[in-house]
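Structure, as structure tokens:
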There are 2 protein chains.
Amino acid sequence: MSEGQIELLRGTLDMLVLKVVALGPSHGYAIAQRLQQISKDFFRVHQGSLYPALHRLEDRRWLQAEWKESETGREAKFYSLTKKGRRQMDAEVVNWERLCNAVGLVLRTPEKES
Amino acid sequence: MSEGQIELLRGTLDMLVLKVVALGPSHGYAIAQRLQQISKDFFRVHQGSLYPALHRLEDRRWLQAEWKESETGREAKFYSLTKKGRRQMDAEVVNWERLCNAVGLVLRTPEKES
DNA sequence: GGAATATATGTCGACTTCCTAGGTATAACC
DNA sequence: GGTTATACCTAGGAAGTCGACATATATTCC
């Protein structure tokens, strides 16, 4: 019943989706499940966030889509990472790490003792 | 001339501002400067982000404001952390750390080798 | 005296991204 | 026949950030 974070940090979803797709081509529904599993139930992507995000990433040519039969024998839209998408992912990961460091600097600044 | 990140990650500014104010009461202009210094020039808060954020935090009673004379001898609006603000800050820090761990889990998942 | 810069606060509209809530459809299971 | 899981989608609203603009004072330099 752990509810994870209240709301996804805006701007991180693209990177996370790109990363999951980099693990292997996958369709929307499965991407959300993988993300939830890998993050140990922390990230729960709502469909209203996921599908617009996938369309966004496809529009930007970071993902490309193809209809295929899924594991369950049903038609699903499989996304795979383009070269441009991989570059973007790498850039976002680097930026994420720099951001974490910067936040860390702020959080670890000690308050003065009286 | 390093330009820092393109855009602040939405949702992190509140925590950062609360943290900086926790270091000691300060006014808007100085808060932005401190944030930039502490983060080694990574965070550059735009005025159009900063002042709305400060008003937001004040509305939520996480900060309280008082007009005082600044170091330069001019009137400035000094913000200080309320008890409620400290609780909020602590909660946001905990959440941030959990989020970082979750993102880390995703980013460190290895891709299959062929 | 005048111009530029730093200090200090603020607002407005555009933009992006996320959520809630709804919708469609198929397949499996009871 | 009803429920659950799978699988896709959209519309409207809320929230936060940005860029641009506006205002005013103090200092510094020419």
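Within every chain, numbering begins at 1; the chains are lettered A, B, ... in the order of the sequence lines, protein sequences first and strands thereafter.
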A:Ser70 vs D:dA7: side-chain N/O to OP1/OP2 distance below 4.0 Å
yes
**Message:** With a 4.0 Å limit, can you tell me whether B:His46 has a side-chain N or O closer than that to the phosphate oxygens OP1/OP2 of D:dT17?
**Reply:**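 No, outside the criterion.
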Looking at B:Ser39 and B:Leu35, would you say the former's side chain and the latter's main chain have a donor-acceptor pair under 3.5 Å?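 Here the side-chain-to-backbone pair exists.
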What is the separation between atom [atom1] on [X] and atom [atom2] on [N], rounded to the nearest whole Å?
{"X": "B:Tyr29", "N": "D:dA26", "atom1": "OH", "atom2": "P", "value": "16 Å"}
{"X": "B:Leu16", "N": "D:dT17", "atom1": "CG", "atom2": "P", "value": "10 Å"}
{"X": "A:Arg44", "N": "C:dC19", "atom1": "CZ", "atom2": "P", "value": "13 Å"}
{"X": "A:Ile31", "N": "D:dT6", "atom1": "CD1", "atom2": "C1'", "value": "15 Å"}
{"X": "B:His27", "N": "C:dG10", "atom1": "NE2", "atom2": "C1'", "value": "14 Å"}
{"X": "A:Arg34", "N": "D:dT6", "atom1": "CZ", "atom2": "P", "value": "15 Å"}
{"X": "B:Leu50", "N": "C:dA8", "atom1": "CG", "atom2": "C1'", "value": "11 Å"}
{"X": "B:Leu8", "N": "D:dG19", "atom1": "CG", "atom2": "C1'", "value": "14 Å"}

Discussion item. Quick check: do A:Ile38 and A:Phe43 have side-chain heavy atoms less than 4.5 Å from each other?
Written reply: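 A side-chain contact under 4.5 Å is absent here.
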Side chain to side chain contact (heavy atoms under 4.5 Å, CB included) test vs B:Leu54 passes for just one of B:Asp14, B:Leu13, B:Ile31, namely B:Ile31
Base, sugar-phosphate or nothing for A:Gln33? Non-hydrogen atoms, less than 4.0 Å.
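Sugar-phosphate, backbone atoms only, no base.
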Original post:
When you check the side-chain N and O atoms of A:Gln88 and A:Glu92, is any donor under 3.5 Å from an acceptor?
Top reply: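 A:Gln88 vs A:Glu92: donor-acceptor pair found between side chains.
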Residues pairing under ring pair (Phe, Tyr, Trp, His ring centres under 6.0 Å) where one sits in residues 46-104 of chain A, two or more places apart or in two chains, turn out to be A:His27-A:Phe78, A:Trp96-B:Trp96
Residues A:Glu7, A:Arg10; criterion salt bridge (Lys or Arg N to Asp or Glu O under 4.0 Å); working and verdict:
CA-CA 8 Å; A:Glu7 187 177 295; A:Arg10 305 201 174 198; 3.0 Å; yes
**OP:** With sequence neighbours excluded, tell me which residues meet side-chain hydrogen bond (donor to acceptor under 3.5 Å, both in side chains) with A:Thr12.
**Re:**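 Residues passing side-chain hydrogen bond (donor to acceptor under 3.5 Å, both in side chains) with A:Thr12: none at all.
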Does B:Gln36 have any side-chain hydrogen bond (donor to acceptor under 3.5 Å, both in side chains) partners at least two apart in sequence or in another chain, and if so, which?
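Partners of B:Gln36 under the side-chain hydrogen bond (donor to acceptor under 3.5 Å, both in side chains) test: B:Asp41.
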Heavy-atom contacts, protein to nucleotides 24-30 of chain C, under 4.0 Å, summarised as B (base), S (sugar-phosphate only) or - (none) per nt, yield -BB----
Each nucleotide of nucleotides 9-16 of chain D classed B (base within 4.0 Å of a protein heavy atom), S (only sugar-phosphate) or -, in 5' to 3' order, makes BB---BBB
A:Arg86 meets the side-chain contact (heavy atoms from CB on, under 4.5 Å) criterion, sequence neighbours left out, with A:Ala22, A:Leu81, A:Met89, A:Asp90, B:Glu111
